[in-house]
Structures are given as structure tokens and as C-alpha cells.
Amino acid sequence: MIEVVGVGYEVVLPSRERLTVLEEINCTIETGEAVAVVGSSGSGKSTLLGVMAGLTQPQRGVVRVDGWTMSQASEEERAAWRLREVGFVFQNFQLLPHLTALENVALPLWLRGERRAEAIARVWLERVGLEERVNHRPAQLSGGEQQRVGLARAFACRPRFLFADEPTGNLDRKTAARVGALLFGLQEEEKTTLVVVTHDETLARSANRWLRLEEGRVVEEGRRN
Ligand SMILES: Nc1ncnc2c1ncn2[C@@H]1O[C@H](COP(=O)(O)OP(=O)(O)OP(=O)(O)O)[C@@H](O)[C@H]1O
Ligand SMILES: [Mg+2]
């Protein structure tokens, strides 16, 4: 469970002006649920995701993960937690261009000392329907295929928490729908706690719950019927 209590975050601009990015955020992400964060550009969605993932330390408020006060932990402790329990999916896929699909999925497993990295990666590429593309490099894959590699890479480490920032933002409508369905399908099967930032209302409606941000505040919340 992730609890965000009274979180505020501001940045100092080069002009020395202060800009409040997160005004006052209160929300809870329950274990095993999928929550979509929606809202207009600049409303603070990516910043909130960074706060929940411990990448950004808020100046005000508290972030707790399963009772652990992450917002008071050191950079090293937060990095160690991310390595153990957190996965990411990015809008621009972030695959390594010189590695094959198989190597891209296996790499984080290797880095964790997993000896069966390649076998596990192969199974995950099958689960996302890419068994015929294991030896392709990212440039030889379509956008949708690249994001399926991104999903395989994220889920292969069995993260408890998965953060996805606009995972379908670079895909056409039809491909986005397929990748979105795959993301929520895997999340449900793996019981991963998922927070997904999206402009895609269809994707947001597939989540268990959604939060709408406006100017650094949660202004609306909804639940799937
Ligand atoms: N480090 C920073 N320095 C300056 N401004 C920042 C910084 N981080 C965030 N901001 C500003 O805070 C606001 C919110 O940024 P954020 O990236 O969270 O928005 P977003 O809701 O994800 O938008 P988008 O939908 O366009 O991705 C923006 O106006 C952004 O320019
Ligand atoms: Mg963003």
C-alpha cells in the first residue's frame, strides 16, 4: 500500500521564482489495485509518480510504503527498495538499442544475479506474444512490439509496484488499446500494484480507480463500476 499524505512539492526556477508543482496531495494506492492518474498537461502527474516511486522527495507531507516512511529514507534506501520491489514502464520504451528483445528483458534479471535470466526472459516474451521476435533489436520492432518488450522487462522482475508514465502515449489508438489490455491483464494475473499516468480515457477506465489532478491537487476520484 502506498499512502500519500499532505504532499507538497515545489521547485525553484532559474529566475529564483518558486513554482508549486504539487500543492497538497492526499491519496492511497491499495495493494494489488490498478490506479490511473489523469489530468491536463502540467497538472503534476509525472511529478506525483516520481514522488510515489521515491525518485522525487517532496518538501512537505509524508509518503509511506507498507508502513515504511519512504519520504524520510535516504537516497540509498529508496534506491534499494526500487531495485527490490519496483518496476517502470516508459512512454518512449527506453529499450537499449544494441540489445535484442531477449537481452533487453534479461538484463535487469542478470543485474539481480538471476542465473536463469535468459530462460525467464524467453517465457515473458512469450507471455506478451513476442516469441517470434526474441532476436530482433528495438529498431526492428514496431512501437507496439517495443512496448510489449517494455512490459515483459518490467514484469519479469516480479515487481510488487509498477509505475507507468503514459505507456501508450506513443502508440496509435488500436495498438494502445491492445498494449493497455495487456498491461492490465498482466497486472491482474501478477497482482501487481499499478499506478499508470495517462491521457487515454479508455486506458484510465480500465483501471480499478482513477484520480484526476489539477494544478497539483486531486480534484476528482472515480472507481470502475
Ligand atoms: N524540476 C522542475 N523544474 C521546473 N519545473 C518543473 C520541474 N518539475 C516539474 N515542473 C513543472 O511542474 C509542472 C508539472 O509537471 P509534470 O511533469 O508533473 O506534469 P504532467 O501532469 O506530467 O504533464 P504532462 O501531461 O505534460 O506530462 C509543469 O508545469 C512542469 O513544467
Ligand atoms: Mg507527465
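Order of listing sets the numbers, starting from 1, for every ligand and every atom in it.
With E103 contributing its side chain and T100 its backbone, the two residues share a donor-acceptor pair below 3.5 Å. In this structure, the side chain of E126 does not engage the main chain of V123 through any donor-acceptor pair within 3.5 Å.
For a threshold of 3.5 Å applied to N or O pairs, the pair formed by Y9 and ligand 1 contains no separation below that value. Distances between N or O atoms of G39 and those of ligand 1 include no value under 3.5 Å. Polar contact check, E166 against ligand 1: no nitrogen or oxygen pair lies under 3.5 Å apart. In terms of N/O distances under 3.5 Å, ligand 1 is not approached by L19.
The side-chain heavy atoms of W81 and V86, taken from C-beta on, include a pair separated by under 4.5 Å. By the 4.5 Å heavy-atom criterion applied to side chains, F155 and L182 are not counted as neighbours.
More than 12 heavy-atom neighbours from other residues, nucleotides or ligands sit within 6.0 angstrom of CD on Q94. Within a 6.0 Å sphere centred on CD of E188, other residues, nucleotides and ligands contribute 12 heavy atoms or fewer.
S41 OG, 2.5 Å is the protein heavy atom nearest to atom 26 (O) of ligand 1. With respect to atom 17 (O) of ligand 1, the closest heavy atom belonging to the protein is S46 CB, 3.7 Å.
The proximity of V11 to ligand 1, defined as any non-hydrogen pair under 4.0 Å, is limited to the side chain.
Taking the ring centre of W124 as origin, the terminal cationic atom of R127 falls inside the region bounded by 6.0 Å and 45° from the ring axis.
If you run side-chain contact (heavy atoms from CB on, under 4.5 Å) between L162 and each of L183, L186, T193, only L183 comes through.
Closer than 2.8 Å to the Mg ion (ligand 2) sit the protein N, O or S atoms S46 OG.
Contact record, N208 with A34: OD1-N, 2.6 Å, taken as the closest heavy-atom pair.
Distances below 4.0 Å separate heavy atoms of L13 from the following atoms of ligand 1: 4 (C). Atoms of ligand 1 found under 4.0 Å from any heavy atom of S40 (numbered from 1 in listed order, with element): 21 (O). Below 4.0 Å from some heavy atom of H199 lie the following atoms of ligand 1, by number and element: 25 (O).
Put simply, atom 1 (N) of ligand 1 has protein non-hydrogen atoms near it, under 4.0 Å away. Of the protein's heavy atoms, at least one falls inside 4.0 Å of atom 4 (C) of ligand 1.
With no hydrogens or angles considered, a side-chain donor-acceptor pair links S46 and D165 at under 3.5 Å.
A salt bridge links D66 to R160: at least one charged side-chain nitrogen sits closer than 4.0 Å to a carboxylate oxygen.
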